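The structure presented is a predicted model; accordingly, all values stated were derived computationally and were not measured. In this chain, residues are counted from 1 in sequence order. Hydrogens, waters and symmetry mates play no part in the numbers below; they use all other heavy atoms, side chains included.
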Amino acid sequence: MDNDNQVTDSVGALSKEEKDFAMFCHLSAFAGLLIPFGSIVGPLVLWLMKREQSEYINYHGMEALNFNITMGIAGLVCVLLMFVFVGIILMFVLGIVWLVLIIMAAVKTND
């Protein structure tokens, strides 16, 4: 959380466009619900397009991308654990955590 405040303080006043694109970096992960690997490709594309424009967008784009890569790896572990039936429960919990944390990050980013 402190790093987020440092980015905001070093940039100064943020424009609405910067806040919106930072929020879209987080929300673009929902592309994974329609497109395979969309939860990684969505934030990656937005981050690559706008990372030079703003340090704030660069920070949140990297955060969204890293979070979704981590969730993808955790999902693969859950798939492997489905052979032991523990993965079914863990996959359900992981999906709920993924959904809640993406929404929380998008709302906090836009504030």
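Across Ala22 and His60, no two heavy atoms sit closer than the pair CB-CB, 3.9 Å. Shortest non-hydrogen contact noted between Pro43 and Gly38 is CD-O, 4.0 Å. Taking all atoms of both residues into account, the shortest heavy-atom contact from Ala29 to Ile102 is CB-CD1, 3.5 Å. Between Ile57 and Lys50, the shortest heavy-atom distance links the atoms CG2-CB, 3.6 Å. Taking each heavy atom of Ala105 and His26 in turn, the nearest pair found is CB-ND1, 3.6 Å. The two residues Leu90 and Cys78 make their nearest non-hydrogen contact at CB-SG, 3.6 Å.
Under the 4.5 Å side-chain heavy-atom criterion for ILVMFWY residues, a single connected hydrophobic cluster contains both Val100 and Met71. In the hydrophobic clustering of ILVMFWY residues, with side-chain heavy atoms under 4.5 Å counting as a link, Trp98 and Ile73 come out apart. Side-chain heavy atoms closer than 4.5 Å link hydrophobic residues (I, L, V, M, F, W, Y) into clusters, and following such links, possibly through other members, connects Phe67 to Ile103. The hydrophobic cluster containing Val41 does not contain Leu48, counting ILVMFWY residues as joined when their side-chain heavy atoms lie under 4.5 angstrom apart, directly or transitively. Following chains of ILVMFWY side-chain contacts shorter than 4.5 Å, one cannot reach Val86 starting from Leu94, and the two form parts of different hydrophobic clusters.
By the 4.5 Å heavy-atom criterion applied to side chains, Ile89 and Phe92 are not counted as neighbours. You'll find the side chain of Leu44 stays beyond 4.5 Å of the side chain of Phe37, heavy atoms only. Trp47 places none of its side-chain heavy atoms less than 4.5 Å from the side chain of Tyr59. Side-chain contact check for Ile40 versus Ile69: some heavy-atom pair is nearer than 4.5 Å.
With hydrogens and angles ignored, the 3.5 Å screen pairs a side-chain donor or acceptor of Asn68 with a backbone N or O of Ala64. In this structure a side-chain-to-backbone donor-acceptor pair under 3.5 Å is present from Tyr56 to Thr109. Remark: side-chain polar atoms of Asn66 are paired, donor with acceptor, to backbone N or O of Met62 under 3.5 angstrom.
Leu81 CG to Met91 CE: the interatomic distance, rounded to the nearest 0.5 Å, is 9.5 Å. How far CG of Asn110 is from CG of Leu14: 10.5 Å, rounded to the nearest 0.5 Å. The line from CD of Glu17 to CZ of Phe24 is 10.0 Å long, rounded to the nearest 0.5 Å. We find the CG-CG distance between Leu33 and Leu99 to be 8.0 Å, quoted to the nearest 0.5 Å. The distance from atom CE of Met23 to atom CG of Asp111, rounded to the nearest 0.5 Å, is 10.5 Å. A distance of 11.5 Å separates CD1 in Ile96 from CG in Leu101, rounded to the nearest 0.5 Å.
Residue Met49 places its CE atom among more than 12 non-hydrogen atoms of other residues, nucleotides or ligands, all under 6.0 Å distant.
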